[in-house]
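Notes for the one structure printed next.
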Amino acid sequence: MTSPMQPLLELHNATLGYPDKVVLEHLNWCVRRGERWAITGPNGSGKTTLMRTLLGLIPLQAGQLLRYDREGHTTDQLVASYLPQINQIDRHFPIHVHEVIDSGLPKGTMGRSVRREQVEKLAEAIGLTHLLQQPIGKLSGGQLQRALLGRALASNPELLILDEPLSFLDKSYKESFESLLEQVIRPETTMLMVTHDLHLAKSEYWQTLTLGRFE
Ligand SMILES: Nc1ncnc2c1ncn2[C@@H]1O[C@H](COP(=O)(O)OP(=O)(O)OP(=O)(O)O)[C@@H](O)[C@H]1O
């Protein structure tokens, strides 16, 4: 049985970085299932390096990274999804909202009609049913981000990493962002959000990990 207090990730006395550069040292951190963490810190403090390390994209330089499955056993595999910054997306790419969401579904495990049903369910949850046939070039920033959130949620991830989700979005969208997450993210899904928005990071919804020092 999954308890929300079970650990998902643990770093013990970890050194993170690259062969030619140490970025973070002596890092101890435990992330439990269902927690919501905001990762803040000035430019170059290691936020992206930390996320890439947790995703297994770059190796630890020293120390230990433990990942746990739902039974509490250590594992190499986590079902993780990544919500990119919207400015990283090529808006001219000829793809429609339904294809964006579909691209997050596990490959080759479902028939076409089941996939379509899943896409429609996700689109409804994120409020994009009316835009399913729209090319992404015609979406507003907030709508594009919702489509990307739909894709990120399609694999039913245990861990969702949000990369500066509020950059490039206007104030009214920022205000509705947490309530959108509240509606569509299952309570047991763990979220890590990289942000420069200290106001957001300090809201009650998030626990905060601050890297480096703000001047
Ligand atoms: N591939 C790499 N090889 C060597 N050093 C790198 C590499 N990628 C990043 N760095 C360095 O590691 C440090 C941390 O970078 P990182 O991108 O993790 O910071 P960040 O907190 O995400 O920054 P920002 O807020 O600007 O996005 C920086 O000094 C950066 O120059």
Side-chain angles (χ1 to χ4, degrees), residues 7-32 35-67 76-91 93 104 136 141-142 144-149 151-153 155 157-171 173-175 177-178 180-181 185 189-215:
L8 179 75
L9 294 163
E10 280 174 359
L11 281 166
H12 294 286
N13 201 19
T15 302
L16 279 62
Y18 307 91
D20 56 343
K21 182 174 178 81
V22 169
V23 177
L24 293 162
E25 277 185 297
H26 309 299
L27 185 61
N28 291 294
W29 188 35
C30 175
V31 176
R32 296 179 184 280
E35 286 183 340
R36 280 87 170 89
W37 281 90
I39 322 302
T40 65
N43 293 127
S45 57
K47 303 180 291 296
T48 305
T49 304
L50 173 59
M51 294 306 116
R52 298 188 72 208
T53 306
L54 297 180
L55 288 169
L57 299 174
I58 48 180
L60 268 192
Q61 303 290 306
Q64 236 187 345
L65 166 60
L66 299 173
R67 304 178 182 89
D76 289 338
Q77 303 285 324
L78 274 189
V79 184
S81 275
Y82 178 72
L83 181 72
Q85 295 180 12
I86 56 172
N87 71 330
Q88 292 168 3
I89 304 300
D90 176 4
R91 296 277 198 119
F93 195 71
I136 59 167
L144 175 60
Q145 194 188 46
R146 281 173 183 254
L148 296 171
L149 186 59
R151 180 181 69 173
L153 295 178
S155 63
E158 301 171 270
L159 175 65
L160 177 62
I161 294 187
L162 312 163
D163 187 358
E164 289 281 347
L166 298 178
S167 306
F168 313 101
L169 294 170
D170 64 28
K171 193 165 173 284
Y173 187 78
K174 288 182 188 190
E175 280 159 10
F177 179 68
E178 280 175 5
L180 172 67
L181 291 180
I185 310 288
T189 303
T190 308
M191 278 194 284
L192 307 180
M193 173 182 68
V194 172
T195 184
H196 283 106
D197 187 330
L198 290 180
H199 180 70
L200 178 78
K202 283 186 180 142
S203 89
E204 275 176 15
Y205 193 73
W206 305 95
Q207 302 185 62
T208 312
L209 176 70
T210 305
L211 304 177
R213 289 212 181 138
F214 290 101
E215 296 303 320

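Counting starts at 1 for both ligands and their atoms, following the listed order. For clarity, every value in this text was computed on a predicted model and none was experimentally measured. Numbers here simply count residues along the sequence, with the first being 1.
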Identify the closest protein heavy atom to [atom]: which residue and atom is it, and at what distance?
atom	value
atom 5 (N) of ligand 1	Y18 CD1, 3.4 Å
atom 26 (O) of ligand 1	N43 ND2, 2.9 Å
atom 14 (C) of ligand 1	G44 O, 3.4 Å

Solution key, residues 47-57 side-chain donor-acceptor pairs under 3.5 Å, sequence neighbours excluded:
from, atom 1, to, atom 2, distance (Å)
K47, NZ, G41, O, 2.8
K47, NZ, P42, O, 3.0
T49, OG1, Y18, OH, 2.8
T53, OG1, T49, O, 2.7

*Less than 3.5 Å between some nitrogen or oxygen of V23 and one of ligand 1, yes or no?*
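Such a contact does not occur with ligand 1.
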*Do T210 and T40 have side-chain atoms, one donor and one acceptor, less than 3.5 Å apart?*
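On atom types as modelled, these side chains qualify, holding a pair under 3.5 Å.
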*asked:* Just to verify, which of L162, L159, D163, L148 counts as forming a side-chain contact (heavy atoms from CB on, under 4.5 Å) with Y82?
replied: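 Result: among L162, L159, D163, L148, D163 is the only option passing the side-chain contact (heavy atoms from CB on, under 4.5 Å) with Y82.
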_Criterion side-chain contact (heavy atoms from CB on, under 4.5 Å) against L8, the qualifying member of L78, L192, L66_ =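 Of all the options given, the one that passes is L78.
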Determine, considering heavy atoms only, which of [options] sits nearest to [atom].
atom	options	value
atom 15 (O) of ligand 1	L50, T49, T195	T49
atom 28 (C) of ligand 1	K21, H196, E164	K21
atom 27 (O) of ligand 1	T48, V22, D20	T48

*How does K47 reach ligand 1, if at all, at less than 4.0 Å between non-hydrogen atoms: by side chain, backbone, both, or neither?*
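It is both backbone and side chain that touch ligand 1.
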*Taking only heavy atoms of P42 into account, list the atoms of ligand 1 that are under 4.0 Å away from them.*
21 (O)
*Does G41 have a heavy atom less than 4.0 Å from any atom of ligand 1?*
no
_I'd like to know whether CD of Q88 has more than 12 heavy-atom contacts from other residues, nucleotides or ligands below 6.0 angstrom._
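Yes, CD of Q88 has more than 12 neighbouring heavy atoms, counting only those of other groups under 6.0 Å.
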*Within-4.5 Å side-chain heavy-atom neighbours: C30 and E35*: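 C30 vs E35: side chains apart.
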*Is there side-chain contact between I58 and L16, with heavy atoms separated by less than 4.5 Å?*
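In short, these two side chains do not touch, never coming nearer than 4.5 Å.
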